[in-house]
Amino acid sequence: MTWCAHVPSFPASPLWALLQGSVVAAYALVQVLVVVYASQRYVTLWRWWRAARSAPPVLPVPGRWPRVTVQLPLYNEPRVVERLIDAVASLDYPRDRLEVQVLDDSTDETTALARAAVERHRLRGLDIVLAHRAGRDGYKAGALASGLERATGELVAVFDADFVPDSDFLERLVPNFEDPRVGMVQARWGHLNRERSLLTVAQAVMLDSHFILEHAVRMRSGLFFNFNGTAGLWRRSCIERSGGWTHDTLTEDLDLSYRAQLQGWRFVFDPAVESPAELPADMEAFKSQQRRWAKGSVQTARKLLPRIMAARLPRRVKLEAFFHLTGNFAYPLLLALALLLLPVMAEVPRLTGRLIGALDLAVIVTGVVPAGLFLAAGQRALGSSGWRTLRDVLAAIVVGAGVSANNARAVLEGLGERLGDWDRTPKTGDQARAPAPPRPRGFPLRGGRQGLVELALAAYFATLTAVAWRHGHAQALPFILLLMTGFGYVGWSSLRATSIPVQGAPQAPQSAWP
């Protein structure tokens with residue numbers, strides 16, 4: 001009998017019995033917390049179903065089109081900078097009421113490309129300027145704040161480098177500001193390269209549900225939701241009266257959103273306006289983005305939750321804000337739950353096997369099932385159906401499980417005092433019906449080959465599969481197999497990305513972005 005198929009038996013003693021009980025108690029507690037966070041999906045689905053038939057309001061045409069400043073924060077984006085500037089220059093909005101700021105912090109050829117594009121459109125009559133900063137003080141938040149000091153618009157739109165807004169973007173969103181209480185309007189993200197790979201499909205599914213379900217439900221229910229950092233339009237006075245852009249968290253968009261709503265500003269989400277963007281097609285780029293979002297949300301929770309709980313707000317608003325800002329704690333909880341499975345299985349013969357089986361079933365019913373329904377509902381709302389929806393939802397669940405170790409680390413880092421680096425997501429110019437672009441050079445990795453942690457966890461859960469099967473813990477197999485598949489895919493994709501050198505670049509993997 002091999003070691004991987006044998007669950008060890010330990011000698012009985014009062015101390016060991018206490019340890020056994022502690023392990024099982026910890027397992028049960030983590031299970032309960034995972035269930036609590038996952039069950040929020042059921043609440044969102046219920047709220048969405050109740051409001052699904054409500055028609056969107058008809059907005060009046062403004063009697064006066066306000067002046068709009070469009071801000072384009074850039075940092076080393078040579079592959080997409082011209083595409084972005086050209087798209088913004090094509091916006092259908094009165095030219096005498098439109099200003100474009102290219103906020104460039106680049107240290108490479110992006111600045112020259114941006115300068116040439118700016119000059120080309122300025123000669124055609126567009127009010128467009130290039131503002132280049134020698135340093136990156138405050139990162140993106142610092143660039144936006146610096147630009148706002150010189151902006152002339154009553155409204156301020158923001159687009160990241162990978163977005164390609166449609167020409168009617170401003171004409172469709174500006175009418176929302178006829179209501180003086182509206183401080184921000186967020187458009188829905190589209191996906192230029194959705195079908196590039198399983199990874200891009202998974203991201204698209206997760207983002208679709210985030211916008212179509214979460215944003216829509218929170219807005220209709222009078223709950224707080226957030227500007228997503230791009231493809232949105234702000235009232236300038238809302239930004240300024242809410243304390244402006246700050247860089248004491250890695251998610252300046254989430255931070256300002258909550259501060260603004262605490263001031264009483266109303267936010268609007270318009271699902272009918274879609275702004276296409278590029279999804280990270282590289283696993284390490286995706287993991288870097290996820291780390292920043294997870295860590296920044298925890299930093300924002302630490303910063304603002306005391307103010308939210310002390311504010312004069314309905315209890316349901318406070319409760320939703322708590323789960324929204326701390327939602328990424330589900331990742332370390334999921335990882336802890338998974339790692340506790342083996343010691344718990346070792347003691348099940350001496351404990352109440354039915355209790356453990358019930359807890360395992362609870363994770364599936366109130367953990368995996370609501371996540372799957374949540375993702376599927378987002379796809380159905382956008383017109384997808386049948387096997388394609390099933391394929392896409394399964395891809396999202398597998399990838400979500402596979403990045404749990406990556407995101408758990410980010411959450412724990414977010415609990416510390418160190419801000420951390422603002423790691424941007426590299427853009428390649430990837431888009432639909434085009435050959436996959438080569439990976440960009442010049443993006444540092446964290447060192448060494450990536451994905452080894454995930455591959456080690458995949459091996460652990462492969463061993464656990466054999467243990468569970470041999471010792472009659474069939475109820476745990478779906479959860480274990482999901483984790484094994486997710487960690488295996490994410491680990492293999494990360495390792496593959498950091499093992500293939502960029503053509504023409506130095507061969508050391510840490511010298512080139514995967």
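No hydrogens, no waters, no symmetry mates; every other heavy atom, side chains included, goes into these values. Along the sequence shown, the residues carry numbers beginning at 1.
- With F224 as the aromatic partner, R218 does not meet the cation-pi criteria of under 6.0 angstrom to the ring centre and within 45 degrees of the ring axis.
- A cation-pi arrangement is absent between R47 and W49, since the terminal nitrogen or guanidinium carbon is not both under 6.0 Å from the aromatic centre and inside a 45° cone about the axis.
- The closest side-chain heavy-atom distance from Y460 to L455 is not below 4.5 Å.
- Side chains of H324 and E320: a donor-acceptor N/O pair is absent below 3.5 angstrom, by distance only.
- Note that the CG atom of L457 and the OG atom of S404 stand 7.5 Å from one another [nearest 0.5 Å].
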Run the numbers on D208 and R194 for salt bridge (Lys or Arg N to Asp or Glu O under 4.0 Å), then give the verdict.
CA-CA 11 Å; D208 287 343; R194 177 192 178 100; 3.0 Å; yes

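- The local environment of CZ in R241 is sparse, with at most 12 non-hydrogen atoms from other residues, nucleotides or ligands closer than 6.0 Å.
- Applying the salt bridge (charged side-chain N to carboxylate O under 4.0 Å, His left out) test to every pair with at least one member in residues 326-337, sequence neighbours left out, gives no pairs at all.
- Atom CG of L45 and atom CZ of R50 lie 13.0 Å apart (nearest 0.5 Å).
- Across all their heavy atoms, E214 and F374 have their closest contact at CG-CZ, 3.6 Å.
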task: Would you sort out whether F487 and W492 count as a ring-ring contact (aromatic ring centres under 6.0 Å, His included), showing the intermediate values?
output: CA-CA 8 Å; F487 285 124; W492 174 81; over 10 Å; no

Using side chain to side chain contact (heavy atoms under 4.5 Å, CB included), reason through F329 and L33 one step at a time and then give a plain yes or no. CA-CA 10 Å; F329 278 96; L33 292 174; over 6 Å; no

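- Salt bridge present: R391 and E195 bring a charged side-chain N and a carboxylate O closer than 4.0 Å.
- A search for ring pair (Phe, Tyr, Trp, His ring centres under 6.0 Å) contacts involving W189 returns F163, F211, not counting sequence neighbours.
- To the nearest 0.5 Å, the span separating CG on L304 from OG1 on T249 amounts to 8.0 Å.
- Around the CZ atom of R316, the shell of radius 6.0 Å holds more than 12 heavy atoms that belong to other residues, nucleotides or ligands.
- With hydrogens and angles left out, the side-chain atoms of S494 and E284 include a donor and acceptor closer than 3.5 Å.
- A pairwise comparison of heavy atoms in A458 and M484 identifies O-CG, 3.7 Å as the closest pair.
- Comment: D270 does not engage R188 in a salt bridge, judged by the lack of any side-chain N to carboxylate O separation of less than 4.0 angstrom.
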Derivation of the salt bridge (Lys or Arg N to Asp or Glu O under 4.0 Å) call for R235 and E240: CA-CA 9 Å; R235 192 185 297 274; E240 294 173 338; over 6 Å; no

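- Tested against I480 for a side chain to side chain contact (heavy atoms under 4.5 Å, CB included), the candidates L464, T485, L342, T463 yield a single pass: L464.
- No option in D105, D255, D160 other than D160 meets the salt bridge (Lys or Arg N to Asp or Glu O under 4.0 Å) test with K140.
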message: Please determine whether side chain to side chain donor-acceptor pair (under 3.5 Å) holds for the pair N406 and R291, giving the CA-CA distance in whole Å, both sets of side-chain angles, and the decisive distance to 0.1 Å.
response: CA-CA 7 Å; N406 175 78; R291 282 193 298 268; 2.8 Å; yes

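- Rounding to the nearest 0.5 Å places CG of L192 at 11.5 Å from OG1 of T200.
- Taking CG of L250 as the reference point, atom CH2 of W293 lies at 13.0 Å (rounded to 0.5 Å).
- Within the 4.5 Å cutoff, side-chain heavy atoms of Y489 are placed close to those of M283.
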#### Entry: Working for side chain to side chain donor-acceptor pair (under 3.5 Å), residues H247 and D137
CA-CA 9 Å; H247 54 271; D137 294 342; over 6 Å; no

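- No hydrogens or angles considered: nothing links the side chains of T251 and S297 as a donor-acceptor pair under 3.5 Å.
- A distance of 14.0 Å separates CZ of R380 from CD1 of I212, quoted to the nearest 0.5 Å.
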